[in-house]
Number of protein chains: 2
Amino acid sequence: MAATILVVEDEPAIQELISYSLRQAKHTVSSTKNAEEAMKIINDTLPDLVLLDWMLPGMSGADFARMLRRAARTKDIPIIMLTARADESDKVTGLESGADDYITKPFSPRELLARIKAVLRRRAPEAADDVVEIGGLRLDSATHRVTANEIEVALGPTEFRLLHYLMTHSERVHSRSQLLDQVWGDHVFVEDRTVDVHIRRLRKALENVDKDGLVQTVRGAGYRLSAGQAVNAG
Amino acid sequence: MAATILVVEDEPAIQELISYSLRQAKHTVSSTKNAEEAMKIINDTLPDLVLLDWMLPGMSGADFARMLRRAARTKDIPIIMLTARADESDKVTGLESGADDYITKPFSPRELLARIKAVLRRRAPEAADDVVEIGGLRLDSATHRVTANEIEVALGPTEFRLLHYLMTHSERVHSRSQLLDQVWGDHVFVEDRTVDVHIRRLRKALENVDKDGLVQTVRGAGYRLSAGQAVNAG
DNA sequence: AAACAGTATTGCGGTTTTGTGACATTTGCA
DNA sequence: TGCAAATGTCACAAAACCGCAATACTGTTT
């Protein structure tokens, strides 16, 4: 599943527990105690999900959530609120402020992970822990393996992410910029043409199992991964 | 990418640098030193994006941003804040005031351009996934594919755009100049006759799936895409 | 039927977009 | 510290695409 998760929680014990659980589940975790610092982190790189304590020193969790929802860049980040109170009115305010889900302390790591998975699945198909199979090519994000006819394909990290994204969003054309946003991250400054090079590396790796035809170029538009062979009526 | 960008920055040196970089990148730049004047310019013509210094004489950048967000006419203009301080509290206020992104001085022209690009891209809703189908011909803009009876038709970028336009405005005659405006772009210096050539290429590609009859010539008027037969009243 | 005006076709030079291999750095790790 | 894998850029080659103009058609008008 491997997502990047930002935890904003001021109680050290809970912070610790959460971070540990998340890391166990192979997530990448960054954490802070307050909204201000969280903003700084987010400004640098966008996480896949934010775990947000309801009660925070300084700016409250609800306000922070609202703020994230307001800014264009952050408005689509999934947010899960953590709260100590099982008070109904909090729940309402929490969801109203734009949270995707809500979890009441005390909670089990198991429950937390389940909710995270659910939210991620809803928001970003490629972050969920799945096995994708298209055109005889199989990618298992849990074991981090790509195979075709039982033969394993060796891929570098970037090529893996690229293929993963393409497979979870197949049949659709993605421009180079879109791929950069989605695969590299939105605040990474890399040339558009770099995508070409990685597409090339990906294709080269797929040649070994005769699946390089899946990655198609759409001139003037970008790239597409498709099981349907590019039929040239002509 | 060529966008119209308004730069609001009071330091002449930085102003200069920014304007130069933006012009290099083919953007149209207008600039002022303060919010009041910026407002005047915006009243006149709406820019595609505003680069806004955080510290301004008179009305502050944050206040100006909030103001832009409040007015209906300007509330969707993307805003990127410029700030000298890497102070988190600024960051918070900056984003809270509704900026789309945030960049800290000193920054490289390269980074600035990248962020502008990212913001503009985020704003422009990627061409909606529309699927048009007429007379057995199917065009899917998300996958960038044209098919008839499951057979794919290979088209170049221009032919694709041309067909897309005709399909989304079918049963209507379009003069060559209209097509040039709509498909090629507003003021592109291209001969009317060139349309003929692309119509020809389009028809040729459609011949392979026996759909070339859809593209009809209306003598003295232009072209039309229609599912109905070209009737010979005789 | 001849002159005309509008349209179809085609070949071609020049551009733009992609593909590819090489190279310099960076990163992680032994 | 030194090595190997991974990455981003570049420069050049290859391919696809564009627009134009010259030429061949077609239907209209006189």
Side-chain angles (χ1 to χ4, degrees), chain A residues 28 144 146 153-164 173-177 179-181 183-185 187-207 212-225 230 232-234, chain B residues 1-2 26 108 110-111 113-114 144 146 152-164 173-181 183-185 187-207 212-225 230-234:
Chain A
T28 304
H144 212 271
V146 177
V153 183
L155 291 178
T158 306
E159 282 72 54
F160 185 88
R161 284 201 311 276
L162 178 58
L163 178 61
H164 191 194
V173 181
H174 308 278
S175 70
R176 292 177 174 70
S177 318
L179 290 174
L180 283 180
D181 271 5
V183 179
W184 274 256
H187 261 200
V188 180
F189 308 123
V190 171
E191 296 290 323
D192 274 16
R193 291 304 309 279
T194 295
V195 174
D196 296 31
V197 177
H198 285 275
I199 285 283
R200 158 69 176 147
R201 288 171 182 157
L202 176 55
R203 280 177 176 155
K204 204 165 195 174
L206 293 178
E207 272 176 16
D212 53 311
L214 295 183
V215 181
Q216 304 170 358
T217 301
V218 181
R219 189 167 242 268
Y223 296 97
R224 169 180 60 199
L225 187 137
N232 275 343
Chain B
M1 266 298 285
K26 301 284 168 62
S108 67
R110 183 183 147 84
E111 181 179 359
L113 290 174
H144 215 274
V146 176
E152 182 163 356
V153 183
L155 293 178
T158 305
E159 282 73 55
F160 187 90
R161 284 200 310 274
L162 177 58
L163 178 60
H164 189 209
V173 188
H174 307 279
S175 71
R176 293 178 173 69
S177 351
Q178 283 176 318
L179 289 173
L180 282 180
D181 271 4
V183 179
W184 272 254
H187 296 299
V188 187
F189 178 64
V190 170
E191 295 289 325
D192 271 19
R193 294 266 129 244
T194 295
V195 175
D196 295 32
V197 177
H198 284 276
I199 285 284
R200 157 68 175 150
R201 286 171 182 156
L202 177 54
R203 281 176 175 156
K204 201 165 197 174
L206 293 178
E207 274 175 14
D212 53 312
L214 294 182
V215 182
Q216 304 167 0
T217 302
V218 180
R219 195 180 172 83
Y223 299 96
R224 168 181 60 199
L225 186 137
V231 184
N232 282 340

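Labels below follow one simple rule: chain letters A, B, ... track the order of the sequence lines, proteins then strands, and each chain is numbered from 1. None of the values given here were measured: they were computed from a predicted structure.
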[X] vs [Y] side-chain heavy atoms within contact, under 4.5 Å:
{"X": "T217(B)", "Y": "Y223(B)", "answer": "yes"}
{"X": "L155(A)", "Y": "L202(A)", "answer": "yes"}
{"X": "R203(A)", "Y": "L206(A)", "answer": "no"}
{"X": "D196(B)", "Y": "R200(B)", "answer": "no"}
{"X": "E191(B)", "Y": "R176(B)", "answer": "no"}
{"X": "L225(B)", "Y": "L163(B)", "answer": "yes"}

In whole angstrom, give the distance that lies between atom [atom1] of [X] and atom [atom2] of [N].
{"X": "K204(B)", "N": "dC17(D)", "atom1": "NZ", "atom2": "P", "answer": "14 Å"}
{"X": "R193(A)", "N": "dC12(D)", "atom1": "CZ", "atom2": "P", "answer": "14 Å"}
{"X": "D196(A)", "N": "dA14(D)", "atom1": "CG", "atom2": "C1'", "answer": "14 Å"}
{"X": "L155(B)", "N": "dA16(D)", "atom1": "CG", "atom2": "P", "answer": "15 Å"}
{"X": "D192(B)", "N": "dC20(D)", "atom1": "CG", "atom2": "C1'", "answer": "13 Å"}
{"X": "W184(A)", "N": "dA6(D)", "atom1": "CH2", "atom2": "P", "answer": "15 Å"}
{"X": "R219(B)", "N": "dC25(D)", "atom1": "CZ", "atom2": "P", "answer": "16 Å"}
{"X": "E159(A)", "N": "dA5(D)", "atom1": "CD", "atom2": "P", "answer": "14 Å"}

Discussion item. Below the 4.0 Å mark, does dC20(D) have OP1 or OP2 next to a side-chain nitrogen or oxygen of T194(B)?
Written reply: yes
Item to complete: List in chain and number order the residues that pass side-chain contact (heavy atoms from CB on, under 4.5 Å) with D181(B), two or more places apart in sequence or in another chain; answer none if no residue qualifies.
Response: D186(B)
Discussion item. Quick check: on DNA chain C, is the nucleotide nearest R203(A) upstream (toward 5') of the one nearest G220(B), or the reverse? Name the residue that is more 5'.
Written reply: G220(B)
Discussion item. If you assign T217(B) and G222(A) each to the DNA chain C nucleotide with the nearest heavy atom, which residue ends up on the more 5' nucleotide?
Written reply: T217(B)
Worksheet item: Once the angle between the rings of H144(A) and F160(A) is folded into 0 to 90°, is it parallel (under 30°), tilted (30 to 60°) or perpendicular (over 60°)?
Response: parallel
Worksheet item: So where does chain A start and stop touching DNA chain C, 5' to 3', when the test is distance under 4.0 Å to a non-hydrogen atom?
Response: dT17(C) to dA22(C)
Worksheet, complete the sentence: So, with a heavy-atom separation below 4.0 Å from DNA chain D, the residues of residues 173-181 of chain B are none
Item to complete: Identify the two heavy atoms, one from G220(A) and one from P157(B), that lie closest to each other, and give their separation to 0.1 Å.
Response: CA-CG, 4.5 Å
Applying a 4.0 Å non-hydrogen cut-off, can you work out what [X] is touching in the nucleic acid: base, sugar-phosphate, or nothing?
{"X": "V195(A)", "answer": "nothing"}
{"X": "Y223(B)", "answer": "sugar-phosphate"}
{"X": "V190(B)", "answer": "sugar-phosphate"}

